[in-house]
Amino acid sequence: MSTDVISISYQTLVSSPSSLQTSIEEAFGSHPQALGIILVKDLPHVYPIYRERLLKLAYKFAHLDENIREKYADPESIYSYGWSHGKEIMNGRPDTLKGSYYANPVVDVPNVDPVVKAEYRPFYGDNVWPDKDETSIEGFEEAFKVLGSFVFGVGCQLAAACQPFVSKYLTDTTLSLPELISTSQTTKARLLHYFPPEEDSPITEDEPIDSWCGFHKDNSLLTGLCSAIFLREEIGKEPVAVPSPSPTSGLYIRTRGGDLTKVSIPPGCLAFQTGEALELVTDGKLRATPHCVRVGQTQGGSKISRETFALFMQPDTHQRISESDTFGSFSKKVLEEHYEARIM
């Protein structure tokens, strides 16, 4: 089923955040109908420009020759910076359905103790950027940082607006959600290209609900999400933006009550959903949002990809988030589940 997502105005978020408490509780609370996601609408007019520019570059990067793409992979960070394709384990097998480009859009080189940096390389690595003159993706680094910084700024404002609500559930009442996010050097963005289904593997009505991206939870405090764009490949031409190829394509989440629902993010909006770090610092009272992505049926022969962008806003690795774990120790366990290489 499809359920309306709670939305708030950016202008209200900036000018009167205290007036948003009811909306925040309806979106992020623990009642069965809560979706664990909220939309921010009425964003500054520059946002659609930033979004379209970077998402089209995601398509172009994914269409570079493989040997060029792999120049920008970083195996030493367990592929947590730069390009990653087929390295993550999803649904028990290597995930070749999407390619990702990871970077911290707000901190290029983390300023942390060298020992900590070495121990937590997947979280405190240096960004890996394409050469500035790499053909067809000129401006990639700038576009990534501009959109990422924009989403981060809105996310910090939302975190501040959420603090009165979240503080009621924190196991450590001295914690500040906006401070944990704004001062962290582990912020990570993921630019995603979902490859079109193979022509010899047509999508049928009974395809799994998580056919493009398996069910999972983010390990962040909050995750910012852009609305996806769908691009149809045109041989010898620029890709063409098209509507969603199927009414069943897109993002699905489970409500707090366990119901499966399809969520649509309008192009001019940002969405923010709760992650496992928030669930842990509230001892399970504010739960992470389980979600997945479905391909949906497409017309035979149509090569339509999905491009999107996610920003994971999370604390530094030393931050204790439960009795047994810091964010660093918890996140290492998550990485070990999704990558064959063991995290030291």
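Numbering starts at 1 and runs along the sequence shown.
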- Message: For His45 together with Tyr47, are the ring centres under 6.0 Å from each other?
- Response: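 They do not qualify: ring centres at least 6.0 Å apart.
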- Query: With ring centroids as reference points, do Trp129 and Phe144 lie under 6.0 angstrom apart?
  - Reply: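 Yes; Phe144 has its ring centre under 6.0 Å from that of Trp129.
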Euclidean distance, [Y] [atom2] relative to [X] [atom1], rounded to 0.5 Å:
{"X": "Ile38", "Y": "Phe272", "atom1": "CD1", "atom2": "CZ", "value": "9.5 Å"}
{"X": "Asn111", "Y": "Tyr124", "atom1": "CG", "atom2": "OH", "value": "11.0 Å"}
{"X": "His31", "Y": "Thr255", "atom1": "NE2", "atom2": "OG1", "value": "9.5 Å"}

Report yes or no: do [X] and [Y] form a side-chain donor-acceptor pair below 3.5 Å?
{"X": "Ser100", "Y": "Ser84", "value": "no"}
{"X": "Ser30", "Y": "Arg256", "value": "no"}
{"X": "Ser184", "Y": "Thr187", "value": "no"}
{"X": "Asp218", "Y": "Ser220", "value": "no"}
{"X": "Trp83", "Y": "Asp74", "value": "no"}
{"X": "Ser331", "Y": "Asn219", "value": "yes"}

- Item | Heavy-atom side-chain proximity of Leu335 to Phe123 below 4.5 angstrom | yes
- Are any non-hydrogen side-chain atoms of Thr274 and Leu222 less than 4.5 angstrom apart?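 In contact.
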Using modelled atom types and a 3.5 Å cut-off, is there a donor and acceptor pairing between side-chain atoms of [X] and backbone atoms of [Y]?
{"X": "Arg320", "Y": "Glu323", "value": "yes"}
{"X": "Asp65", "Y": "Asn67", "value": "no"}
{"X": "Ser15", "Y": "Gln11", "value": "yes"}
{"X": "Asn127", "Y": "Asn104", "value": "yes"}
{"X": "Tyr81", "Y": "Gly125", "value": "yes"}
{"X": "Thr326", "Y": "Gln319", "value": "no"}
{"X": "Arg254", "Y": "His291", "value": "no"}

With a 4.0 Å cut-off, would you call [X] and [Y] a salt bridge?
{"X": "Lys132", "Y": "Glu138", "value": "no"}
{"X": "Lys71", "Y": "Glu134", "value": "yes"}
{"X": "Arg232", "Y": "Glu234", "value": "yes"}
{"X": "Lys333", "Y": "Asp325", "value": "yes"}

- Does the pair Leu20 and Thr12 meet the rule for a side-chain contact (heavy atoms from CB on, under 4.5 Å), with working shown? CA-CA 8 Å; Leu20 299 172; Thr12 306; 3.6 Å; yes
- Considering all heavy atoms, the nearest Lys98-His85 contact: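 Closest approach of Lys98 to His85, heavy atoms only: O-CD2, 3.2 Å.
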- Item | Atom of Ser136, atom of Leu57 and distance for their closest heavy-atom approach |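 Of all heavy-atom pairs spanning Ser136 and Leu57, the closest is O-CD2, 4.1 Å.
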- Query: Are Ile49 and Ile137 connected in a single hydrophobic cluster, I mean Ile/Leu/Val/Met/Phe/Trp/Tyr linked by side-chain heavy atoms less than 4.5 Å apart?
  - Reply: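 Each belongs to a different hydrophobic cluster.
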- With hydrophobic residues grouped by side-chain heavy-atom distances under 4.5 Å, do Val112 and Val109 end up in a single group? no
- Task: Go through the steps for Ser19 and Gln21 under the test side-chain hydrogen bond (donor to acceptor under 3.5 Å, both in side chains), then give the verdict.
- Result: CA-CA 6 Å; Ser19 68; Gln21 295 311 298; over 6 Å; no
- Within 6.0 Å of CD in Glu52, more than 12 heavy atoms from elsewhere: no
- Task: Measure from NZ or CZ of Lys41 to the centre of the six-membered ring of Tyr10 and say whether it is under 6.0 Å with the direction within 45° of the ring axis.
- Result: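 That pair does not qualify as a cation-pi contact.
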- Item | Cation-aromatic face contact Lys87/Tyr79, 6.0 Å, 45 degrees |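 The answer is yes; both the distance and angle limits are met.
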- Task: Before giving the answer on side-chain hydrogen bond (donor to acceptor under 3.5 Å, both in side chains), spell out for Asp131 and Tyr72 the whole-Å C-alpha distance, their side-chain angles and the decisive distance to 0.1 Å.
- Result: CA-CA 9 Å; Asp131 296 338; Tyr72 304 113; 3.3 Å; yes
- Message: Determine whether Asp316 and Thr186 satisfy the following criterion, side-chain hydrogen bond (donor to acceptor under 3.5 Å, both in side chains), listing intermediate values before the conclusion.
- Response: CA-CA 6 Å; Asp316 279 308; Thr186 69; 4.9 Å; no
